[in-house]
J.: 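Pasting a structure below so you can have a look.
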Amino acid sequence: MIGGYGVHRREQRREADVAVREEVARASGRVRNHLNNVHDSAYRAGDTELAQECALALEEVDALRNDVELAATGADHPFFSRQKGVSKRTINRLIKHDHATLEMVKKAVNASNDLEKTYAESNGNSKRMENGSVTVESIRRCQQLVSSCRGHFSERNGVLRGI
């Protein structure tokens, strides 16, 4: 998908910009679904500490999605709207940044998926307390990944302005 940045046509650049933002939004939606499933199960099981940790992580995911939805569109930057020619170096810089952002959100999706799987496997287990601490740590790790992705995505406007 990232290779879709067209060097010659501004329309292709805008399409790639939108595609990256949509992928980050879709991936954060998957993270939210996994965390929400754990949150709901923990709440029903009466595990308020776990449910509260999930709620905090969900807030961070919602903040990321909000940042993505409200981010400046590529059309606001010369790279997408006014510039007729763009160097390969410029394109590569943006591609590298977008790739890193997508990798970060992919790690968050994988972490949230593993979290949900671990929680489902440990639910009903007699060693629930031991696995519960691992789950709280997993939730915090997932929240940290989303927070890092959010910060990295916010740097995208700086990359665009620098171009």
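Position 1 is the first residue of the sequence, and the numbers go up from there.
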J.: Taking the side chain as every heavy atom from C-beta outward, state whether Arg21 and Phe153 have any atom pair closer than 4.5 Å.
T.: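 A side-chain contact under 4.5 Å exists here.
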J.: When rounded to the nearest 0.5 angstrom, what distance separates CG in Asp114 from CD in Glu116?
T.: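 Nearest 0.5 Å value for the CG-CD distance: 10.5 Å.
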J.: Hey, are the side chains of Val31 and Cys142 touching, using non-hydrogen atoms and a 4.5 Å cut-off?
T.: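 Val31 reaches Cys142 side chain to side chain.
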J.: Rounded at 0.5 Å granularity, tell me how far CG in Asp98 sits from CZ in Arg93.
T.: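 Nearest 0.5 Å value for the CG-CZ distance: 11.5 Å.
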J.: Give me the atom names and distance for the closest heavy-atom approach of Ser28 to Arg65.
T.: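 Heavy atoms of Ser28 and Arg65 come nearest at OG-CG, 2.8 Å.
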J.: Between Tyr119 and Asn37, is any pair of side-chain heavy atoms under 4.5 Å apart?
T.: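 No - every pair of side-chain heavy atoms lies 4.5 Å or more apart.
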J.: Which heavy atom of Ile139 sits nearest a heavy atom of Leu50, and at what distance?
T.: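 That would be CD1-CD1, 3.3 Å.
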J.: Check whether the side chains of Ser147 and Gln143 place a donor and an acceptor atom closer than 3.5 Å, and report yes or no.
T.: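 Gln143 and Ser147 do not have a side-chain donor-acceptor pair below 3.5 Å.
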J.: Give a yes or no on whether a salt bridge exists between Asp67 and Arg156, defined as a side-chain N under 4.0 angstrom from a carboxylate O.
T.: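 Between Arg156 and Asp67 there is no salt bridge, as every charged N stays at least 4.0 Å from the carboxylate O atoms.
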J.: Indicate if Val61 and Tyr43 have the same hydrophobic cluster label, given that clusters are the connected sets of ILVMFWY residues with side-chain heavy-atom separations under 4.5 angstrom.
T.: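 No, because Val61 and Tyr43 fall into different hydrophobic clusters, even though each may have its own neighbours under 4.5 Å.
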J.: Provide the closest heavy-atom pair for Ala55 versus His39 in the form atom of the first, atom of the second, distance.
T.: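 Taking Ala55 first and His39 second, the nearest heavy atoms are N-CD2, 4.0 Å.
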J.: In the single-linkage hydrophobic clustering (I, L, V, M, F, W, Y; side-chain heavy atoms under 4.5 Å), do Val38 and Val109 co-cluster?
T.: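 Yes, same cluster.
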J.: CD of Glu22 to CG of Asp17: how many Å apart, nearest 0.5 Å?
T.: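 Answer rounded to 0.5 Å: 10.0 Å.
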J.: Do His34 and Leu115 come close enough that some side-chain heavy atom pair is under 4.5 Å?
T.: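 Answer no - side chains too far apart.
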J.: Say you draw a straight line from CZ of Arg140 to CG of Leu145; how long is it, rounded to the nearest 0.5 Å?
T.: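 The distance works out to 14.5 Å.
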J.: Below 4.0 angstrom, N of the basic side chain to O of the carboxylate: do Glu23 and Arg26 qualify?
T.: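 So Glu23 pairs with Arg26 through a salt bridge.
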J.: With a sphere of 6.0 Å drawn around CD of Glu103, does it hold more than 12 non-hydrogen atoms of other residues, nucleotides or ligands?
T.: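 More than 12 heavy atoms, drawn from other residues, nucleotides or ligands, come within 6.0 Å of this atom.
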J.: Can you find a pair of side-chain heavy atoms, one from Gln144 and one from Ser148, that are under 4.5 Å apart?
T.: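 Contact flag for Gln144/Ser148 side chains = yes.
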J.: How many angstroms lie between CG in Leu35 and CD in Glu60, if you round to the nearest 0.5 Å?
T.: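 Result: 11.0 Å between the selected atoms.
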J.: Give the intermediate values and the outcome of side chain to side chain contact (heavy atoms under 4.5 Å, CB included) for residues Asn110 and Lys106.
T.: CA-CA 6 Å; Asn110 290 339; Lys106 178 182 165 186; 4.1 Å; yes
J.: Salt-bridge test for Arg141 and Glu53: reply yes if a basic N is under 4.0 Å from a carboxylate O, no otherwise.
T.: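 No, no charged N to carboxylate O under 4.0 Å.
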J.: Applying side chain to side chain contact (heavy atoms under 4.5 Å, CB included), run through Thr101 and Cys149 and close with a yes or a no.
T.: CA-CA 6 Å; Thr101 302; Cys149 183; 4.1 Å; yes
J.: Nearest 0.5 angstrom please: Leu64 CG to Glu69 CD, how far?
T.: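 Nearest 0.5 Å value for the CG-CD distance: 9.5 Å.
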